[in-house]
Amino acid sequence: MNIESDFEEIIEYAHFWNWLPDWQIAKKIYTEFPDSYSVLTPFAYAYLEEVIRSTTSEYGKEIFDENGKRKWRSVGSNLINLSIKENNNNQELVSILEEIKRYFKPSQPTDCGNNRGSVVHGYMHSRFWDKDSFEKLIQDIAKISKFAGF
């Protein structure tokens, strides 16, 4: 695939009300301003997490513990692992999720404040993002998009 078809694949499966208009704008911005990857990367990571969440039982509802107290939803590696567990009968999706794990890693004591949610964009300062890493992220989002449970 190329970046144009990757954006189209994402747009094809994006939630009509919540994400589609934003992806259309993101595509337009990136097409007109290819150096915009640094401002579009956090948006793409947020969407990636939402797509993963949409493949789990946590999507679209509050989560409560056995005492009826509200629980935090899974994030980062825990979210990926939940999706793999709940979709173990879908090897194509599991394979994509295994690849996407590289975007998530546990916090380390040396993260020094750059950690935002155990996601790679939280470990890598935005000045180190580049066009290739952004386009790879878009390609990976395109791969998982058809599994979105919106």
Side-chain angles (χ1 to χ4, degrees), residues 1-60 63 72-150:
M1 283 208 224
N2 63 42
I3 192 68
E4 177 79 19
S5 61
D6 291 336
F7 271 111
E8 287 304 317
E9 183 76 0
I10 294 166
I11 288 168
E12 171 76 20
Y13 294 100
H15 186 282
F16 186 78
W17 297 110
N18 295 343
W19 290 99
L20 178 62
D22 296 328
W23 274 109
Q24 290 169 329
I25 291 169
K27 178 185 175 196
K28 183 178 181 181
I29 291 169
Y30 192 66
T31 301
E32 292 181 21
F33 303 97
D35 290 338
S36 63
Y37 58 81
S38 66
V39 295
L40 295 174
T41 296
F43 166 75
Y45 273 113
Y47 184 76
L48 174 62
E49 186 169 44
E50 183 77 356
V51 170
I52 296 166
R53 185 171 314 289
S54 78
T55 67
T56 72
S57 60
E58 290 187 354
Y59 181 68
I63 310 297
W72 292 102
R73 292 187 174 130
S74 301
V75 295
S77 298
N78 290 335
L79 179 60
I80 294 253
N81 291 334
L82 175 63
S83 183
I84 289 170
K85 178 182 171 186
E86 292 184 352
N87 293 285
N88 64 3
N89 60 337
N90 185 334
Q91 286 308 303
E92 184 181 0
L93 175 55
V94 168
S95 177
I96 293 167
L97 289 165
E98 290 289 349
E99 287 179 38
I100 288 173
K101 275 186 176 181
R102 74 179 172 280
Y103 293 112
F104 300 85
K105 62 184 182 179
S107 299
Q108 302 296 318
T110 57
D111 290 334
C112 300
N114 282 333
N115 177 10
R116 297 187 311 267
S118 298
V119 180
V120 172
H121 77 275
Y123 291 92
M124 185 187 305
H125 195 279
S126 57
R127 73 176 175 266
F128 298 116
W129 295 336
D130 61 25
K131 184 176 180 161
D132 291 336
S133 63
F134 174 73
E135 290 189 357
K136 178 62 178 150
L137 175 60
I138 296 301
Q139 181 182 51
D140 288 338
I141 293 170
K143 281 186 210 174
I144 197 172
S145 287
K146 70 180 177 181
F147 299 102
F150 301 130

- Task: To the nearest 0.5 angstrom, please state how far the OG1 atom of Thr56 sits from the CG atom of Leu82.
- Result: 5.0 Å
- Query: Should Lys136 and Asp140 count as an ion pair when the cut-off is N to O under 4.0 Å?
  - Reply: yes
- Task: Would you confirm whether Ser83, through its side chain, and Leu79, through its main-chain N or O, come within 3.5 Å as a donor-acceptor pair?
- Result: no
- So, does Ser95 use its side chain to make a donor-acceptor pair with the main chain of Glu92 at under 3.5 Å? no
- Item | Salt-bridge present (Arg73, Glu49; N to O < 4.0 Å) | no
- Message: Using every non-hydrogen atom in the two residues, find where Tyr59 and His15 come nearest and quote the distance to one decimal.
- Response: OH-CD2, 4.3 Å
- Heavy atoms only: give me the nearest Val51-Ile144 pair and the separation to one decimal. CG1-CG2, 3.8 Å
- Who pairs with Asn78 by side-chain contact (heavy atoms from CB on, under 4.5 Å), at least two apart in sequence or on another chain? Ser74
- Which atom of Ile11 lies closest to which atom of Lys27, heavy atoms considered: CD1-CD, 3.9 Å
- Item | CD1 on Ile10 to CD on Gln139, rounded to 0.5 Å | 10.0 Å
- Does the side chain of Phe7 come within less than 4.5 Å of Thr31's, by heavy atoms? no
- Task: Could you tell me the separation between the CD atom of Gln24 and the CG atom of Asp22, rounded to the nearest 0.5 Å?
- Result: 9.0 Å
- Message: Are the side chains of Lys131 and Pro34 in contact, using a 4.5 Å heavy-atom criterion?
- Response: yes
- Flag the pair Tyr13 / Trp19 as yes when their ring centroid distance falls below 6.0 Å, and as no otherwise. no
- Item | Nearest atoms (heavy-atom pairs only) where Ala14 meets Phe150 | C-CD1, 4.2 Å
- Item | Value rounded to 0.5 Å, distance of CG in Leu48 from CD1 in Ile138 | 9.5 Å
- Query: Mind checking whether Ile84 and Lys101 have side chains closer than 4.5 Å, heavy atoms only?
  - Reply: yes
- Message: Please find the pair of heavy atoms, one from Ser54 and one from Ala148, that lie closest to each other, and give the distance.
- Response: OG-CA, 3.5 Å
- Item | Heavy-atom side-chain proximity of Asn90 to Phe147 below 4.5 angstrom | yes
- Item | Any donor-acceptor pair under 3.5 Å from Asn87 side chain to Thr55 backbone | yes
- Separation between CG of Asn88 and CG of Leu93, rounded to the nearest 0.5 Å: 10.5 Å
- Note on the structure: Scanning both residues in full, the closest heavy-atom pair of Lys143 with Ile96 reads O-CD1, 3.5 Å
- Quick check: does any side chain N or O of Thr41 sit under 3.5 Å from a backbone N or O of Tyr37, one acting as donor and the other as acceptor? yes
- Item | Between CD1 on residue Ile141 and OH on residue Tyr47, distance to nearest 0.5 Å | 8.0 Å
